[in-house]
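Heads up, the thing below is written out as structure tokens.
Predicted, not measured: the structure shown is a model, and the values here were computed from it.
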Amino acid sequence: MKKIAVLISGSGSNLEAIVKSCNSNLINGEVVSVISNNPDAYGLIRAKNFKVNTKIINHNEFASRNEFEKVLGEYLDQLNVDLIVLAGFMRILGKKIINKFSSKMINLHPSLLPLYPGLNTHEKALLNNDKEHGISIHFVSTELDAGPIIAQGIINIDNAEKIETLIDRIHKIEHKLLPKIISEICKDNIYIEQNIVKFKNINLKGKNIYIKNYEV
Ligand code: GAR
């Protein structure tokens, strides 16, 4: 069984989806620690409700980003995990920690990358009158939201849609696709080699990443 660490900063609904999938054996893995840089993150309460170990590493308590990341890196080392999932983790990480863990660190991002790295992705998709919006799951690289993409989930949108319902729909597909991808990583069916994502036993339907369209 693989050991997973999940990094969060806020609500933790994706964390909850991951933990539930582990508990129902959809993922052959265990969330051994939930790490939050925000001591008030609701995800910490969700973790405790599921009796998952939590750790707060509050970036505000460190004099520099380097010191914060040194402690975070040491804690991740100590956990000796197979996979690190950034699930709503809202800190940008520096080169040193990323280079150390990049082959086993994935990020969930709420846009169809390379569209809209960074913040306010839903607003941007609506403002640009996009017909499709969605989520990306990628291995983390030193460039923000630009690491090798593993999977994307796509929904249809129109600019009359309210942002609240759009966020809700995006969350729904995140809660389906992220556990699915983690499950495949835990089966060693997805991994990264020389900066290229490799897939085994997965039908990519002619694409070079896993793409799923959702109606939610
Ligand atoms: C998710 O929608 C995730 O895609 C986004 O934060 C939300 C966290 O929700 N991540 C980012 O914006 C990262 N740049 P959650 O805390 O309920 O899982």
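Side-chain N or O atoms of Gln152 include one that pairs as donor or acceptor with a backbone N or O of Leu113 at under 3.5 Å. When atom types are taken as modelled, the side chain of Ser183 and the backbone of Leu26 share a donor-acceptor pair closer than 3.5 angstrom. Under a 3.5 Å cut-off, the side chain of Asp168 and the backbone N or O of Glu164 do not form any donor-acceptor pair. Between the Lys104 side chain and the Val81 main chain, a donor and an acceptor come within less than 3.5 Å of each other. Listed for the Ser11 side chain is no donor-acceptor partner under 3.5 Å among the backbone atoms of Tyr42. Between the side chain of Ser111 and the backbone N or O of Thr121 there is no donor-acceptor pair closer than 3.5 Å.
Note: the hydrophobic cluster containing Ile97 also contains Tyr75 (ILVMFWY, side chain heavy atoms under 4.5 Å, direct or indirect links). There is no path of hydrophobic side-chain contacts, each under 4.5 Å, that joins Met1 to Ile27.
Relative ring orientation between Phe68 and His59 is described as perpendicular, the plane-to-plane angle rising above 60° on a 0-90° scale split at 30° and 60°.
If you check the side chains of Asn38 and Ser9, you find no donor sitting under 3.5 Å from an acceptor. In summary, the side chains of Tyr191 and Ser103 do not present any donor paired with an acceptor at a separation below 3.5 Å, with no hydrogens or angles considered. Checked by atom type, the side-chain pair Tyr116/Asn128 shows a donor-acceptor distance below 3.5 Å.
The shortest heavy-atom contact between Leu44 and Ser36 is CD2-CB, 3.8 Å. Of all the heavy atoms in Ile173 and Ile154, the pair that sits closest is CD1-N, 4.2 Å. Residues Ala47 and Thr54 come closest through the heavy atom pair CB-CG2, 3.4 Å. The two residues Cys22 and Ile4 have their closest heavy-atom pair at SG-CD1, 4.3 Å. Across Val6 and Ala87, no two heavy atoms sit closer than the pair CG1-CB, 3.9 Å. Here the closest heavy-atom approach between residue Asn53 and residue Ser33 is recorded as OD1-OG, 2.8 Å.
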* Steps toward side chain to side chain contact (heavy atoms under 4.5 Å, CB included) verdict (Ile135, Leu177) -> CA-CA 9 Å; Ile135 63 169; Leu177 188 59; 3.9 Å; yes
* Test Ile106 against Ile185 for side chain to side chain contact (heavy atoms under 4.5 Å, CB included), laying out the working first. => CA-CA 10 Å; Ile106 63 169; Ile185 293 174; 4.0 Å; yes
* **side chain to side chain contact (heavy atoms under 4.5 Å, CB included) between Leu79 and Lys3, intermediate numbers included** => CA-CA 8 Å; Leu79 289 174; Lys3 288 164 73 178; 5.8 Å; no
* To do: Determine, stepwise, if the pair Asn28 / Lys2 fulfils side chain to side chain contact (heavy atoms under 4.5 Å, CB included).
  => CA-CA 7 Å; Asn28 184 24; Lys2 304 280 180 172; 5.9 Å; no
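Annotation for Leu127: atom CG counts as buried by contact number, over 12 foreign heavy atoms lying within 6.0 Å.
A search for ring-ring contact (aromatic ring centres under 6.0 Å, His included) contacts involving His133 returns His122, not counting sequence neighbours.
Distance check, rounded to the nearest 0.5 Å: NZ of Lys212 to CD1 of Ile181 gives 11.0 Å. Annotation: the span from Ile209 atom CD1 to Ser136 atom OG amounts to 7.0 Å, rounded to 0.5 Å. Distance check: Arg46 CZ to Ser13 OG gives 5.5 Å after rounding to the nearest 0.5 Å.
Salt bridge absent: Asp130 and Lys124 never bring a charged side-chain N and a carboxylate O closer than 4.0 Å. Here Glu161 pairs with Arg169 in a salt bridge; the nearest charged N to carboxylate O distance falls below 4.0 Å.
Of the residues Ile8, Asn37, Leu108, Asn107, the one that meets the side-chain contact (heavy atoms from CB on, under 4.5 Å) test with Phe89 is Asn37. When each of Arg91, His109, Met105 is tested with Leu86 by the rule side-chain contact (heavy atoms from CB on, under 4.5 Å), just one qualifies, namely Met105.
In this structure, Lys20 fails the cation-pi test against Phe50, since its NZ or CZ atom is not both closer than 6.0 Å to the six-membered ring centre and inside 45 degrees of the ring normal.
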